[in-house]
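Here is the structure we will look at, set down as structure tokens.
Along the sequence shown, residues carry numbers from 1. All values below were derived from every heavy atom in this structure, side-chain atoms included, with hydrogens, water molecules and symmetry-related copies excluded.
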Amino acid sequence: MSEQKKKWEDRLNPLYFPLFTAIPVEGWLTFKPSPFSDVDITLYIIGVLFLVFAGTVETNSEEGKHRALGYIYLVSALLFGSTGLFKWLT
């Protein structure tokens, strides 16, 4: 039973939540053809802040995999934030 529980814990690791939640939503908001509405801007800001938070938490870890994903989260927050700002201003 504990082996099965360990497999589920590996699959549902909180480290991977931004990969399945924030990054797809930010990508969808970035590439959707219509302009931003108020709700879209709010969702975009929350997604970028979530990626920044997840990235800063993971970069303080000792494991290399956690640090690598933390830097991926921080770089994706920077890219999504800059492209979202550019799209909103133009």
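Clustering ILVMFWY residues whenever any of their side-chain heavy atoms sit less than 4.5 angstrom apart, transitively, puts F31 in a cluster other than the one holding Y44. L49 and F53 sit in two unconnected hydrophobic clusters of ILVMFWY residues. Membership requires side-chain heavy atoms under 4.5 Å apart, directly or through other members. Clustering ILVMFWY residues whenever any of their side-chain heavy atoms sit less than 4.5 angstrom apart, transitively, puts I41 in the very cluster that holds W28. Under the 4.5 Å side-chain heavy-atom criterion for grouping Ile, Leu, Val, Met, Phe, Trp and Tyr, L85 is not connected to V75 through any hydrophobic cluster. Criterion: ILVMFWY side-chain heavy atoms under 4.5 Å apart, direct or through other members. Under it, I46 and F80 are not part of a common hydrophobic cluster.
Remark: side-chain polar atoms of K87 are paired, donor with acceptor, to backbone N or O of L29 under 3.5 angstrom.
Closest non-hydrogen pair, F17 versus T21, comes out as O-OG1, 2.6 Å. The shortest heavy-atom contact between P18 and F50 is CG-CE2, 3.7 Å. Residues L51 and S76 come closest through the heavy atom pair CD1-OG, 3.8 Å. Taking both residues in full, the closest heavy atoms of P35 and K32 are given as O-CE, 4.3 Å, listed atom of the first, atom of the second, then distance. The two residues R67 and S61 have their closest heavy-atom pair at NE-O, 2.8 Å.
Between atom CD1 of residue I23 and atom CG of residue L79 there is a gap of 10.5 Å, rounded to the nearest 0.5 Å. The OG1 atom of T83 sits 10.0 Å away from atom CZ of F86, with the distance rounded to the nearest 0.5 Å.
A heavy-atom distance below 4.5 Å is found between the side chains of L69 and L19. Using a 4.5 Å heavy-atom cutoff, the side chains of Y73 and T59 are not in contact.
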